[in-house]
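For the numbers below, each heavy atom of this structure counts, side chains included, while hydrogens, waters and symmetry mates do not. Chain identifiers are assigned alphabetically (A, B, ...) following the order of the sequence lines, protein sequences preceding nucleic acid strands; residue numbering begins at 1 within each chain.
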Amino acid sequence: MAVLLIRAVLLYAAVIFIIRLMGKRQIGEMQPSELVITILISEVASLPLQDKGIPVLYAAVPLVVFVSFEIILSALSLKSSKLRTLMQGHEVIVIRNGKIDIDALRTLRMTVDDLEGALRQKDVFDVKQVSYAIFETNGKLSVLLKDDETKKEKKKK
Amino acid sequence: MKRVIVALSLLAFAVVSAFVFTKILIDNINSVSADVSHLSSVSQTASEKELVDETRAVIAKWNNAQKFLKIISVHENLTEINRTINSLNDISSSGNRELLCEKCNEIRVMLSIFESDERISIENIF
């Protein structure tokens, strides 16, 4: 029991250190790879707690490898747009000037119903009102309405 | 930049540790295996006292190696080997040389399997 307690303390310290090292991002803002790594870290860290026969190093080494690669690749992605595209993908424009780009939706494996559902969550109920709708690399939908565009042009003038 | 340096340092440390620990594990296993082989070879010719002393030396070496092995291997893999090696004491004390030789061979096979499971190889990776 005491062994479990000490392991829990050690792993807690290790996980906190790793989370701090990875930096601040909310779950909704994470790239898919970051989210997967975060989930993997929690799964791997729990292994020595589930089975006393598994050494703590069996969790520590993979954790170090995951977080190190995540940080190094993130840093390299800042310097290289090709690597960034490889790791994170690229944004996909799904609506242009009120018209849905079906091919773009197909690449995202989404239907028009899915898109309309996502638009409704942004309080947009008419596709014709949309100037641009873009699915970002983190899966969020960004919408520019025709009205907003007009207002911005008037402000510039 | 600081994070990247820390990440690189940790990664380097993990890689070096992994290879070094694997090497130390294999060296330990081979060393114990060599001693068990030696015990097996002298089991028919050594005197009773020599046999008991040799057996105790093998058990002591294994118990010492086990302290390190438990840090880097799943304990379940060591349980059977541990039990068999520690049973050698009673067998050598009883004077049953054939059984001692048999157990030594059994231990060598178990150690060989354990060592091959820990070795860096395609089968172990995938």
With the 4.5 Å side-chain cut-off for hydrophobic clustering, are [X] and [Y] part of the same group?
{"X": "L63(A)", "Y": "L40(A)", "value": "yes"}
{"X": "V52(B)", "Y": "L88(B)", "value": "no"}
{"X": "V124(A)", "Y": "I95(A)", "value": "yes"}
{"X": "L105(A)", "Y": "L119(A)", "value": "yes"}
{"X": "L69(B)", "Y": "L57(A)", "value": "yes"}

Do you know the tightest heavy-atom contact between [X] and [Y]?
{"X": "A75(A)", "Y": "V4(B)", "result": "CB-CG2, 3.4 Å"}
{"X": "P55(A)", "Y": "S73(B)", "result": "CG-O, 3.1 Å"}
{"X": "R3(B)", "Y": "M22(A)", "result": "NH1-C, 4.3 Å"}
{"X": "S68(A)", "Y": "A7(B)", "result": "OG-O, 3.1 Å"}
{"X": "Y58(A)", "Y": "I72(B)", "result": "CE1-O, 3.1 Å"}

Measure distances from F21(B) to the heavy atoms of chain A and classify the residue's part below 4.5 Å as side chain, backbone, both or neither.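 For F21(B), side-chain heavy atoms alone lie under 4.5 Å from chain A.
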
Counting only heavy atoms closer than 4.5 Å, note whether K2(B) contacts chain A via side chain, backbone, both or neither. neither

Taking atom [atom1] of [X] as the centre, report whether more than 12 heavy atoms of other residues, nucleotides or ligands fall under 6.0 Å from it.
{"X": "Q44(B)", "atom1": "CD", "answer": "yes"}
{"X": "F19(B)", "atom1": "CZ", "answer": "no"}
{"X": "I125(B)", "atom1": "CD1", "answer": "yes"}

Does a side-chain heavy-atom distance below 4.5 Å link L10(B) with L21(A)?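 Heavy-atom side-chain distance check passes, below 4.5 Å.
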
To the nearest 0.5 Å, how far apart are NZ in K52(A) and CD in E76(B)?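 Rounded to the nearest 0.5 Å, the NZ-CD separation comes out at 12.5 Å.
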
Non-hydrogen atoms of chain B under 4.5 Å away: do they reach the side chain of F17(A), the backbone, both or neither?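 Contact with chain B involves the side chain of F17(A) alone.
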
Determine the option with the most heavy-atom pairs under 4.5 angstrom with chain A, choosing from V15(B), N77(B), I71(B), L78(B).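 Among V15(B), N77(B), I71(B), L78(B), the one with the most close pairs to chain A is I71(B).
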
